[in-house]
Protein chains: 2
Amino acid sequence: MKVSTKGRYALRIMLDLAVHDSGELVPLKEIAARQNITLKYMEQIISPLSKAGFVQSLRGSSGGYRLARKPAEYTVGDILRVLEGPLVPNACLEGEENTCPRADFCPTLPFWKGLNKVINDYVDSVTLEDLVEEALSRQSDYVI
Amino acid sequence: MKVSTKGRYALRIMLDLAVHDSGELVPLKEIAARQNITLKYMEQIISPLSKAGFVQSLRGSSGGYRLARKPAEYTVGDILRVLEGPLVPNACLEGEENTCPRADFCPTLPFWKGLNKVINDYVDSVTLEDLVEEALSRQSDYVI
DNA sequence: CTCATTCCTATGGACATAATATGATTATAA
DNA sequence: TTATAATCATATTATGTCCATAGGAATGAG
């Protein structure tokens with residue numbers, strides 16, 4: 001019942017990019033230093049975010065990353081799902097089709113659907129901008 | 001972000017006991033046959049439930065299990081936590097003390113606390129009795 | 001070109017999950 | 001008492017995921 005480190009780190013990376021968003025590209029090396037995460041591990045985490053179009057990147061010297069949209073336009077759920085896949089508490093809720101043979105009569109299915117809903121409603125109710133405000137109110141030097 | 005099979009099976013076992021609660025002891029063999037779970041695996045799952053005082057057991061011939069309380073007196077969260085441990089989405093929320101060195105300034109901590117709250121509020125808002133009603137309304141022969 | 005940076009892929013250790021298996025212990029029925 | 005049927009306790013094994021480390025290829029600016 002845990003979110004993996006990849007999901008949690010993705011959130012920290014996106015938040016770091018949001019807090020340090022000056023329009024300039026931010027090299028991953030800087031984020032790695034601030035967040036105390038190894039560069040090589042961060043590359044694996046930001047790659048899916050880039051492929052999903054959540055960040056813009058430029059290779060080569062003086063390259064780096066920057067947010068593709070405004071912080072208010074990302075929900076935390078959006079970000080977590082890129083790294084975690086669907087945030088479902090039970091495999092029977094995954095996929096379009098009901099593959100579980102018990103679906104038609106399973107008495108616990110409504111419970112799992114309800115849990116799924118409260119989780120996803122919540123993570124989609126918080127935006128990256130909310131976290132930015134939280135970060136600014138908590139620490140003056142923006143070192144997250 | 002998944003509940004393990006042990007947690008899900010625990011719920012099905014408790015529900016089976018609730019639906020077939022006639023005051024008599026129910027041998028695990030019967031539940032295993034109805035739920036299509038191997039007896040040996042079920043033994044591992046019901047053992048913590050028994051130690052937690054959720055079910056009463058009697059050994060020997062014509063022994064078995066029975067609920068220790070009324071179905072309305074168990075929340076689904078109670079049952080899941082016996083098998084899963086605390087239902088927290090992030091390790092930093094576990095334990096009494098704040099062991100995470102980032103806790104004092106971490107800008108994502110309030111988000112995780114909020115997620116933790118909606119999850120636990122929900123799982124504790126549904127009781128075993130609610131599932132019994134769901135089961136009876138879904139299938140006439142009570143074979144869950 | 002040269003250097004910094006993104007991008008791609010592979011590898012491995014640690015740990016958890018999901019079973020399966022074997023047998024010991026206990027209590028009831030006959 | 002004896003056989004039976006159930007709980008209880010460990011151990012083993014396969015499988016998979018998580019968390020990271022690593023090496024190198026491609027790219028772009030100066």
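None of the values given here were measured: they were computed from a predicted structure. To find a chain, count down the sequence lines: A is the first, B the second, and so on, and within it residues start at 1.
The base of C/dT28 is not paired with the side chain of B/Arg59 by any donor and acceptor separated by under 3.5 Å.
In terms of hydrophobic clustering, with Ile, Leu, Val, Met, Phe, Trp and Tyr side chains grouped at heavy-atom distances under 4.5 Å, A/Tyr41 and A/Leu39 are assigned to a common cluster.
Mapping A/Tyr41 and B/Glu43 onto DNA chain D via the closest heavy atom, the residue that lands nearer the 5' end is B/Glu43. The residue among B/Leu39 and A/Lys40 whose nearest nucleotide of DNA chain D is located toward the 5' end is B/Leu39.
Side-chain atoms of B/Arg12 come within 3.5 Å of backbone N or O of B/Gln35 as a donor-acceptor pair. Using modelled atom types, one side-chain atom of B/Asp21 and one backbone atom of B/Gly23 make a donor-acceptor pair closer than 3.5 Å. Checking side-chain atoms of A/Tyr74 against main-chain N and O of A/Arg69 turns up a donor-acceptor pair under 3.5 Å.
The NZ atom of B/Lys29 sits 13 Å away from the P atom of D/dT4 (whole-angstrom rounding). Atom CG in B/Leu25 sits about 10 Å away from atom P in C/dT28, given to the nearest Å. Between A/Leu28 atom CG and C/dC7 atom C1' there is a gap of 11 Å when expressed in whole angstrom units.
Residue B/Tyr65 places at least one side-chain N or O closer than 4.0 Å to OP1 or OP2 of D/dC8. An OP1 or OP2 oxygen of D/dC19 is reached within less than 4.0 angstrom by a side-chain nitrogen or oxygen of A/Thr5. Using a 4.0 Å cut-off, some side-chain N or O of B/Ser57 falls inside it from OP1 or OP2 of D/dC8. Distances shorter than 4.0 Å separate some side-chain N or O of A/Tyr9 from OP1 or OP2 on D/dA20. Under 4.0 angstrom from either OP1 or OP2 of D/dA20 there lies no side-chain N or O belonging to A/Thr38. In this structure, A/Ser61 does not reach the C/dT2 phosphate: none of its side-chain N or O atoms is under 4.0 Å from OP1 or OP2.
Considering all non-hydrogen atoms of both residues, B/Gly77 and B/Asp124 come closest at CA-OD1, 3.5 Å.
Within residues 44-55 of chain B, the residues that place at least one heavy atom under 4.0 Å from DNA chain C are, in residue-number order, B/Gln44.
Between B/Leu93 atom CG and B/Asn120 atom CG the span is 9.5 Å, to the nearest 0.5 Å.
Aromatic rings of B/Tyr122 and A/Phe111 (six-membered ring for Trp) have centroids within the 6.0 Å cut-off, being under it.
Taking every side-chain heavy atom of B/Ser62 into account, C/dA29 is the closest of C/dA29, C/dA18, D/dA29.
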